[in-house]
Structure formats: C-alpha cells, structure tokens
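Heavy atoms only: backbone and side chains are in, while hydrogens, waters and symmetry mates are out.
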Amino acid sequence: MELHINWNTPTNTVEIIQSLCKSVELVKSFTAKLEKNSHTINFHEFTSIVRQLEEVVRGIGENLSLIPLSTYGNHEYAEWAAKALSKDMKDVSFAVSPSRGSESKQQPQRLPSREEVETDLYSLDVDASAMNLHLSDTSQSYVSANQERSMSLGRNGSKNLSGAGSSLMAFPQLAQYVEPLYDTFFCPLTKKVMEDPVTIESGVTYEREGITKWFDRFADVAEIVCPKSGQSVKSRTISSNVALKATIDEWKERNEAARIKVARAALSLASTDNMVLEAIDDLRSICKSKPYNKVQIRSIGMLPLLAKFLEYRSRSIRFVTLELLRQLAEDDEEGKDAIIKTVDISTIIKMLSSNHTPVRHASASLLLELSKCQSCCYKIGTVAGGILMLIRAKYRQSTDESASETADQILKNLEILPDNIKLMAENGYWEPLLAHLVEGSEEMKMEMSSYLGEIVLGPDSMAYVAERASPALIQMVQSGNSLTRNAAFKALKQISCYHPNARILVEAGIMQIMVEEMLTRTINNEPMDSKSEAAAILANIIESGLELENFPVSTQGHTMASDYIVYNIIYRIKSTSPDDLNINFIRILLCLIKFPKASATIVSIVKETEASYNLIELINTTNEELEIASIKLLISLSSFMGHTLSDRLCKTQGQPGSLIKNPTEITRITEKHAISANFLSKLPHQNLALNLALVNSNTVPTVIKSISQIQMSGTRSSRHATSYFEGLVGVLVRLTTTLYDHQILTTARTHNFVEVLTELLTRSFTDEVQKLSAVGLENLSRQSIALSRPPNRKRSKILKLFFFRKCISIKLSKEEQFSLCPIHGGVCSSQETFCLLDAEAVERLLACLDHENVEVIEAALSALSSLLDDKVNVDNSVSLLSEKHAIPYVLNVVKEHKEEAVWQKAFWVIDKFLMKGGDVSISNISQDRLFPATLVSAFHHGDDHTRQMAENILRRLNKMPDVSNTMSFEDFVGNGSLKELLPRLLDEGWDDVPTLKVMNSDDMDDIGLTRQHKDALEIRSYLHDRALTQYGDQLEASGIGLPELLGLSNEDLSSQFGMKRGHIARFMNRSTACAPDPLPESYTLPARRRNSLPSRNNSIQKSQLTSAISNKLSMARSSKRSSSGSDFTLEQSMASFKIKDGYVFKGIVASMPAESRACGCVEPPPVVETVAAYSTIENISVQKLTPEYKIGMERLIKSKTPPMKASELWREKPAILVCIRRPGCIMCRAEAHQLYSKKPIFDALGIQLFAVLHEHIESEVKDFWPRYWGGAVLYDRGQEFFKALGGGKLLKDKFISGFLLNPRAIANYRRAKASGVENNFKGEGEIKGGLYIVGKGKSGIAYQFIERNFGDWAPPAEVIDICTRIQNQQNRQLDTTKSLKETAEE
C-alpha cells in the first residue's frame, strides 16, 4: 500500500495551515479505515502502515517549520499556530499494541482506538500550557472554557481528534496566551473571581456581596466567625482591597486580549463548525464584559472574517455572527461605520427572508442597530431591493410579528434621508412620503412633492395618494415660493393623469385655482410656466368624464362652458404660444366641445375669429403632438363648420397636400398619418375646392399607392394602420361626389376608382372601409348613365344598320362590333363609365347584404339601387339581378334588420322587382312566409314613408290586412254585463272594438263602469286577442276575474267552460301577447292631486310612439321562426298600453287611494304628496348584486361589484327603479315579474330596469333573480331610496292593520296568487316600496309611485306613457342639436 502526497502546497500562510489541517483529517480517516478493516491484514503489515503514517505527519511538520517568518507578516497569531502545530507533528507517534497478536490464527492486532491515536497525535503538555503554575482547588472552578478543554484533553486522553480540532486550544502552544488564574482571585464563599474584593477583621478577603450575605446570617455580632479560618469576628467592618482589585482588573485585561487573539486564530483556521461557534461565543462574552473590547476586536482585523461567516453554510454560525456584529455596533458609531465599510449589507438584508427564524430576527436586529447611523441609512437605501424587503417584512405581521415590528422601526429610522422615502414610495409604501408632505418642513414638502411628480403611481395607490396629498399640494401651489409651486404642479399633474382621481381633485377645490393660474395669473420671473402646467391639470380632469360644463370656476360665477372661459382659451391658441400650452388648451376644447352649450360657443368664436387659421397653421408645426391635437380639434369642428374649414385649409400654404405623405417617405404609420387622412375624409365631401386641391397636389397617386401597400402588408404593421387605411379610402370616396368636374372625372378614370373600390369590398379589413367602398361605388354608378353613350358612327353610303329586337349589339361593318350595356344602353366599361356590371361589383355588393354591420348593408343597398334608377333600363336590371339571386338577399335583410333606413331602401328595391319583375318576382317574394309579417309590422310601426312603402308592397302581393274589426261591436260585447251599457258607450263614442279595448281607468270612471263591468271588459279584450270570444259569456258569468281564470287548471277550464284542448293552450299561452295587466281597483276612483310636469316635458303630447321607438321594438323581437307571431303580439302590447288623449295622470307622485280599514276604525298611514328632490337620490351609495340576465349566464354572479353612486346608473340612459319591499313576498315577485315581462317595450324606449333591495339576503336574491326579475338588482344599504319615498323617513305598515284589516292589500294578494307565484316569509316586510322613473343625466325624477297598500303596483300604462314622453323629449333634443349644426354649417 502506498500513500500519495500532494506537495504542491499554497503560499498563503492561512491557506497553508488550512491545507495541513485537511491533511491531518485525511490521515485520521485513513487510520480509521485501517482500524475498520483490521481483520483482513496481519499485524506486521498494519504496523508498517502506521509507521509510514508517522513519517508522513513528521514530514508535514518539518515542512511547516521551514516557512519563513516574513511569510506571516503582521499575522502573529498564524506564526504561533504554525510553530505549535509543527512541533506536535514532529513528535507524533502512534502506539501499536501487539497484545492481540496471539489471540487467534494470525489475526491482525487490534488497532488502537481513535481516541488513543488522536491523543498521541495531539498530545498536550499540560505543564507548559499551565506555565507550571499550581492552581488550588478554589481556583479550579474558574478556569476558562478553553483551558478546561485543553487540560481535560491532555489528562484523560479521551478527547477525539474532532473535539480537539474544534477547541480554541486545539494547538497546545496557543494556551500560553491565556494567562492562568491565581487562588487569591477567588472568593472563598462564591468560588468566583472577585469583582469587589473586601477584607474583614480576620484578614481574609471576600467578595463584598458574598461576605455581606454571610454576616446577615448572624443576628448577634458575637456569633460571627470567619467562613474560611473559623476565627471569631467581633465587628462587621469591611474594607476594600484596592490592590487586589487592581491586580484582578489588570489580569482580566491581559486575559481578554489574549482570548481575542486566540479567537482570531481559530476563526482564521475555521477547521470545524464547533471551533467557529466557540470562538464567536467567546468574543460575544468578551464584548459584554467591557465596551473597550469592541475596539480591540475591530482593530485586530476581526470584521473581514466575520463578513465571510455571514455566508457560511451553517445557520447557527450565521446567527451567532449576526449577534456578534450587533454587539459590536451597539452604542458605537465607529463600530457601525466599520461594519458598513467591511460587511456586505445586502447579505444581511437577504437574511430577512430566511426561513430560519433566529437568523431572520438577528438580521433584523442588526439592521435596526445600524439604521441608527445616518451613513448606514444611506448604505441600506442603496442596496437594490433592500427597502422592498423591509416593507415586505413590515407587512408580514401575521406570520412574524417580531420581525414586522423591527422592520417598521428600521423604516422609520431610514426616513432621515429623503431618497429613502422616495424608494419606499416607489415600492408601494406611501405613508412616510405623504406624512412628510403634509406635516414636514417647507424644504421637505418641496422635496416630497418633487418625488411625487417623478414616481409613476400604480392603480392601487392612486386614489389613496390623491386623497392625502391633494389638499397639501393645492396649498403649496398658492404659496409664493416658485420652487415649491413647481414641485406641487408636477405632483398634481401626475395625480390628475389617473382619471378616477379627478373627482377627488375637484372636491379639493382645484378647478378655480387652476383656471386662475391659466388665465389671470401674471408670471414674474418664475423659472417655470405655471400656465402650461395648470392647463395640463385641467385637461386631465376634464378628460376624466366628469360633467363639469356648469361647474363654477371663478368668483365671478363663470363656468367651464361660459363664453368668457372659452374665448380666453381659444384666444391664447397661437403659433407663438408655447407648444405645451397650446396642446393643453386644445385638449380642454376637445372635451368642452362634447357639451351642447360649450360646442355652440366654441363654433361661434372660431367662426368669428382667426382661430381656425391658427389651428390650421399648427398643422405645419414641428411638434407632432401639437399637430395631432390640432387636427383632432379640427375634426370635431368639421361637423359644425366643415365648408369653412375646407376653404381655409385650401388657402393655407402647403395644404392640403402635406397631410398625405408619400409611401416612400413613411418608415412606419404613426398617429399623425392616420389622423391627417381621417381629417380629409371627414370634411364635407361635396366641397369642390378641397377636392380640386387634392387632385392638383398630386395626392391621389399617393393615396392609391398607400392603399395598395397596406393591402399587401396588412394592418398589423402598426396600431394606427387601420385608421390610416380608413382615412385613405375616405379621401378617394370624397372625390366621387364631385365627378361633374372634368379634372376630377379624369382622375377617377385614370386611376380606375371602380376597380379599386370593388377590390376593397371583399379584401377589406374593417366594416368602415366596406361601407365607404359601397358609398363610392354608388356615387360612381350614378354617373354611368350620363357617361354611357352610343358608339360614334362614321357616315358612309355602305353603312347598314341592323336592328335586332332581342340583340344588344349594333353591327357597324364587317370588321367592328360594339357591345352595349343592357342597363345603361351604351358602350360601358368600369374604367370609363364606372359601370358596376362591367366591374363585376354586383356580386360583391350582394355579398355585403349578409354583413352584420347595418351601415355596410345600407351602403350596399344604396349602391344596388343605382342600377334600378328610373334613368336606366330597369327591366334589364331586374332581370340581371334576379339571375344573380338578389331577391333572397334583400328579403333576408328585411327580416334580419329592423332599422328604418334599411327597411326603406330594401322596400324600394323589392317594389321595383314587383313592378318590373313580373310574375316570377312576385312568386319568389310571395313564397317567403315571414316576409308578409315583417311588412305588416312595418306598416304598423314605421314612419309615414315606410308605412306607405309597406302598404304598396302588401297591395301588390294582395296581402294587405283588413284593418277593420273582424267582428261587430255587438259580438265583442256579447250577452254579458256590458250589453246593458251599449247605448251609453255609443253615445260617448266608444263605438268600435279597438277604441273600446284602449279605454283607461278615468274613461271607465266617467262612464260609470262598475268592478263587474271592468272585469268583463278585461276578459273580452283578452279573448279577442286570441280569437276565443265564443267563451266570453261563460267566463264572464262565472264572476271570476281574468287573473283567477288564468290560474285555473286545464281540467277546470275544460269541465267548467267546455274549452277544447287547443283553445285551452291558446288561452293559457301568455307569451304570445303582452296583454294588459288586470286593472287595479284604484281605477274606480277619481284622479289624485298631481304636480305639474317639468317645463321640458310640458309640450310632450300623448301620441303614438315615434318611428325610432318602433324600430327599436322590432329589434327586440324573436328570431326568424317566431317573428311572425311575436310581431303582432308586441304591437298589441303597445296598443294595450297606449293612453288616449284626454287621460288625466295621477301625477308625478302617484299612489293607490286609501280605503277604510276595519270599518273606519283603522286609519291608513299618510303618503307624501310631493316628488322627492333629485338631490336626495343622486348620491345614494348602491351596490350591484346581479347584472342583467343573459342566456347562458351563471344563475347568480358571486363576485359583487364595489359600491357606486346612484347617479352613475342613469348617467347615459333613463332608468326605472323598482323599490322591492321584500324579494320573497308573493306580491313583490308578481309586480317585478309583470314589469320585467315588458322589457322589450322599455328596451325600445331606451329605458333601463333596476330592482332595489333594502336588505341583502343571499338566498333571497338567488330565488328572486332571474326567475322573477332578470334585470340588475341593487342593494341600498342605507335604505335611502325607501326613505326618499316617504319624504325622508321610511314608510311602514303593520301586518294586521296593513294587510289583514286592509281589503285592498288582500285583493292585491289574491291577484298575485292567481299568477302562480311562489313566496316565503324571509326578511323585513313592513318597509313599503314604490317606483321611480329618473331621466337621463341630471334631468331629475319624472315619475314617483308609492306603495300605499301592500302589493300596490304602478299602473303599467302610466309608466310606459311617462317613458314614451321622456323618449320623445330626447328625440326633440337630438333634432334641435342637428338643426344647430346645420345652421352653423350654413
């Protein structure tokens, strides 16, 4: 066996010693293996191996002694350790006992035990280590831990090598640096080294505390004896032994210095974990004994070693290292600085996330101690992610409360530096920054606001920061310090960029201050332009969507839409003004122009001043953002003064040609390119001057090339490519409107506009491009008849003209033949005469009729209509379109789309086919079974033009319905109770069935109808709609109301009234018509007092629904298979709820009248007679519990939306809010169900439906929605809607007096029960509900119904009529706005 040794030893002293220690470890492991396998070798072989090992160790020791002294340098401790180790290695000897050699069969002798080998290898000279000093029994108790380990190792030889290596005294010669203790140092009583030695009368010295306790044991002085000598002591007098105390103190100093050196040597070697732990523990105890020892530890170069141990593999070592560093930093500024300079702070910070709790706490404690020094705070702040880890630790209170509290203290200490505060804010911890911003000094406020303007706020912190910082920042803006103002402006600008913060800023009073800064403040040598900053903040706030048109912004009462403000803004938009200021002014105007009042002011001022020229001049500026903003404003103004802008654009140098760039100059499509092209396409197409300017500037080739490039590359190359593409096509289309100009006509021919637009129909990327292409083709096709001419014929004697009746060619000679267009009658081509037939555009236009976009369909129909114009050969056009199956396309459009404009164009085309297509066309159209029903619906609901067209088609198809009654008036009345009223009905003008069916409550009261008469009229109206009048007399004679009849079973209807099975199904099917609800008994009483309607509604006439409403109603119908039946029922529904002229409303505030209860013994509670103020409901906080139900939606949406202001509900559309008393109540459910069943009507009227609950019971919401109510359900936590119904307090009624003793409530209950609604008794049911109809925006409450009796419903006819009035009012407002635009345009 041969031992291989690596003689390539390192040169560094420390590394040499570590390498030698590793060699020793190898020897140890090798020896252990020999011992383990001793039975495989004989004793002589074993002895030989051991001797070889001895030689190896001695050789290592010899080489170690040869290291020159200069190698150690200042590392004196390394020299001592090397000499001690070298001496022991030279003297090494392994004792091998042959005693087991004779035990059996030449088995090898037992190897010496590991302890024995290690003892021989590291034998300790105890005498030398103790310096031959005799230690008494007393002193033995205070031998240091290192000395004890050394001596015990040498005396009993039982320590293993690992234990020896882990001890600080592993190298015996190092023990000489630990000075021994003397017997006199120890107190005979406490057996410890004395801290305060005192001498008693016997001359023996004791520890003061110990001898004092000894004396206290004796009550009589005469009994006191010396504890050591036993000598009697006559006095308790003690005296300090100053000399001994000084000697002990000097010994401690020398001993501690030596122990520090020993620990330094041990940490340098770090052979084992135990050695490191013992060394650090010893250093910790040394630090505790005297503060000056910290200086000695630092001065000996201990910190670099400790820094390495922070990354040690052992968690225990990392923990004690952190604790030692904390001790070195405590109450020592120099220690903190030394640690910061030596130790990597990032390593300490990373330990905050350790999963070992002691290490985590120790690192936090160390950082807390270091953070008490300003330079350390700076160092901690510079660590990447350091503050973030501290913030995370702070908010982990639930998992580690101690570390959380420590991290909080560290962060507070770090606030001494503003940069650290900024870092905290950047990492989401805003409290320090906001606290200093609000309460700090002026310099600190300025610095914090400056940081706030630089930091990008996240959505989670935007609102919180705005609420805390806005008041302080606004106050800073008003200060005189320009630097402070500058910082505050930047911060406010940053906050205002987040639109939800706008309301917070407005409530803080920022509007008036910013307007003053922007318009009236005079800048005197300020280093910043506050006007631009103020304008930017205002623009951000206004762009948020808040309705600030009428918001006061000055002490003089000016609002944002007032002439003064608008004029000042427009006046300041000049090319000489700063670009940023111009941009922000334009942003403000872009928002204000959306308001009617402000838009009229803006248009007027721009027209009357040079503002339009200024805006157009800004297009040529070098600031691209300003260019874009200017063009956007011009686009908004184009709908009001398009021709004016077109003329002024043409008068501007370089325009309009510069708006369209050459494709070779475009590296990428930007917003500027897109917005410029759209500007040209939005200006009035018929403006000849602008169109000629585009042609003369050679813009058309550029447009054609750009379109071609985008078609090849697609619109994904840029997010603005689609908009740019639409604008380019719009520029081409605008030229097609002025083809009467020869120059433009030549351009269209040269570039073959028909071919380009036809290609765009099928290879289009957007609906807008398809629509524009169809519009352009229509314009071109309208010119075909004028451009198509017969061929030029040369006069010749041999010319022979041959006419063929059914031929479409003219033979001029044997050599030439011309094809004539069958539609236009001349020689046509797509390029020269723009013929759609030659361009094969007809098929593509027909394909567009299947498009989902109504505008595309309408444009395609218009283009096809150009082929059916009276100027062309309509017969041939119809024939050609029939061959291309145009009729099915058009019929499908009529059935699928209910828009008025689409109907009119489609009906016009169909009428042409019926007139010119002959029997074939009539047959093809008549075969569609659903088309007649659509025509009838249009006949009933369309405007005058649509009705006339539908009537013409129905007459041509011989399917015009007979609008007269299908039965006589007498047959409708029957032989029941109504028969006796015939004379009176005829006298009052109720002489036909349709008129009788729309009779309302007041009409009935005027004639004197009883409850029986009303029930009979209700039953016969219901039966008439279903052609079941044969059962009228029997049903009326039963005395059962319609709701109860509808609640009967099929067997009851068959047995009692003899109804057939099919008739029963028709009778019970309520989905086929929206029949009027049972008339409540309140209709028998005269109209109640009412408030007058607001002035904006006074002029609303109670007439039929407008054509726009009819269109929307048509859209709400069923799909193809059910449209035929549902169209009629929807119209019947509207007719049922139609209120005739002369009907007297109950008023804005309506409720069922009171009835006597318990024979007049119980008075009904009063109700409020006046409408609730809009301010009482505007700011109510509601939470949306469910959305509007859609097919396939989860039955109950579990995620609730956050609370919102009630005014957000009707900001865009009017709304009906039904205040539900209790969602489990049978009457409330029936009311909700009957109201929501009329949702198609309310959808057509543009009215939203909401149910409001005053308590939230999850199970009740699940049962209520969507079974009985499919609309959104709101939760009014504060019951504010219910309080508003009662004038500020809740309307309540008791069960006994309000229900059991109230015949009206019992009747309501029976009505609800007859509808088959289930109920339960969960929740509060005494708070009465009602209904609101609230107009759009801030127009107020249009109608308010109060539930006087349990189960009262707002009359559906009244609700629908109010909604109709609101819709008519909105239509008139739209018409007014349109007329204003037209007036401005003129």
Side-chain angles (χ1 to χ4, degrees), residues 381 387-388 391 394-395 408 411-412 414-518 521 526 528-546 548 551 553 584 1202:
I387 288 181
L388 176 60
I391 294 172
K394 169 183 167 61
Y395 288 108
D408 184 52
L411 290 171
K412 288 181 179 178
L414 294 179
E415 291 179 22
I416 193 173
L417 296 177
D419 287 342
N420 289 341
I421 298 176
K422 179 183 178 183
L423 290 172
M424 294 178 197
E426 288 176 346
N427 289 284
Y429 183 38
W430 287 95
E431 191 58 35
L433 187 147
L434 297 176
H436 287 287
L437 178 65
V438 175
E439 302 173 359
S441 62
E442 184 175 356
E443 292 77 11
M444 183 62 75
K445 287 182 178 180
M446 182 179 65
E447 197 154 7
M448 293 302 102
S449 59
S450 177
Y451 288 158
L452 191 56
E454 297 173 2
I455 300 173
V456 178
L457 301 175
D460 297 337
S461 56
M462 281 284 191
Y464 172 71
V465 172
E467 290 178 359
R468 289 286 308 276
S470 296
L473 292 172
I474 292 174
Q475 187 177 3
M476 293 170 62
V477 166
Q478 296 175 292
S479 69
N481 189 324
S482 60
L483 296 178
T484 301
R485 281 166 44 81
N486 186 15
F489 270 118
K490 290 183 178 178
L492 287 171
K493 183 178 178 181
Q494 176 80 321
I495 292 173
S496 65
C497 289
Y498 186 58
H499 288 168
N501 287 340
R503 189 177 300 278
I504 298 172
L505 292 171
V506 171
E507 292 173 354
I510 197 173
M511 293 293 292
Q512 183 173 341
I513 297 172
M514 292 300 108
V515 170
E516 181 182 354
E517 289 284 343
M518 182 178 68
R521 181 179 176 86
E526 289 192 4
M528 51 85 68
D529 187 0
S530 62
K531 293 183 181 295
S532 179
E533 299 292 337
I537 295 170
L538 274 179
N540 291 338
I541 293 174
I542 299 175
E543 285 176 350
S544 67
L546 292 180
L548 300 173
F551 190 87
V553 294
N584 293 321

Are [X] and [Y] packed together at the side-chain level, in the sense that at least one heavy-atom pair is separated by less than 4.5 angstrom?
X	Y	result
Met511	Ile541	yes
Trp430	Arg468	no
Ile537	Met518	no
Ile421	Glu447	no

Could you grab the distance from atom [atom1] of [X] to atom [atom2] of [Y], nearest 0.5 Å is fine?
X	Y	atom1	atom2	answer
Ile510	Leu492	CD1	CG	4.5 Å
Leu505	Met514	CG	CE	9.0 Å
Ile513	Leu473	CD1	CG	11.0 Å

Among all residues two or more places apart in sequence or in another chain, which pass the side chain to side chain donor-acceptor pair (under 3.5 Å) test with [X]?
X	answer
Tyr395	none
Asn427	none
Tyr498	none
Glu454	Lys422

Counterpart residues, side-chain contact (heavy atoms from CB on, under 4.5 Å), relative to [X] (two or more places apart):
X	answer
Leu417	Gln374, Cys377, Tyr378, Asn420
Lys490	Asn486
Ala466	Ser470, Ile495, Asn501, Ile504

Quiz item: Counting only heavy atoms not in Glu543, do more than 12 sit closer than 6.0 Å to its CD atom?
Solution: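 More than 12 heavy atoms, drawn from other residues, nucleotides or ligands, come within 6.0 Å of this atom.
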Quiz item: Under 6.0 Å from the CD atom of Glu426, do we count more than 12 heavy atoms belonging to anything else shown?
Solution: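 Yes, the 6.0 Å shell around CD holds more than 12 heavy atoms from other groups.
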Partners of [X] by salt bridge (charged side-chain N to carboxylate O under 4.0 Å, His left out), sequence neighbours excluded?
X	answer
Glu467	none
Glu442	none
Lys493	none
Glu517	Arg485, Arg521

What are the two closest heavy atoms between [X] and [Y], and how far apart are they?
X	Y	value
Gly381	Ile387	CA-CD1, 4.2 Å
Ala425	Ile455	CB-CD1, 3.6 Å
Tyr451	Pro418	CE1-O, 3.1 Å
Asn584	Ser532	ND2-O, 3.1 Å
Thr484	Ser479	CG2-OG, 3.9 Å

Self-check item: Whether Ser449 side chain and Lys445 backbone form a donor-acceptor pair below 3.5 Å
Solution: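 Such a contact is found between Ser449 side chain and Lys445 backbone.
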Without placing hydrogens or testing angles, list every side-chain donor-acceptor pair under 3.5 Å for residues 432-441, not counting sequence neighbours.
residue : atom : partner : partner atom : Å
His436  : NE2  : Glu415  : OE1          : 3.2
Ser441  : OG   : Met444  : N            : 3.3

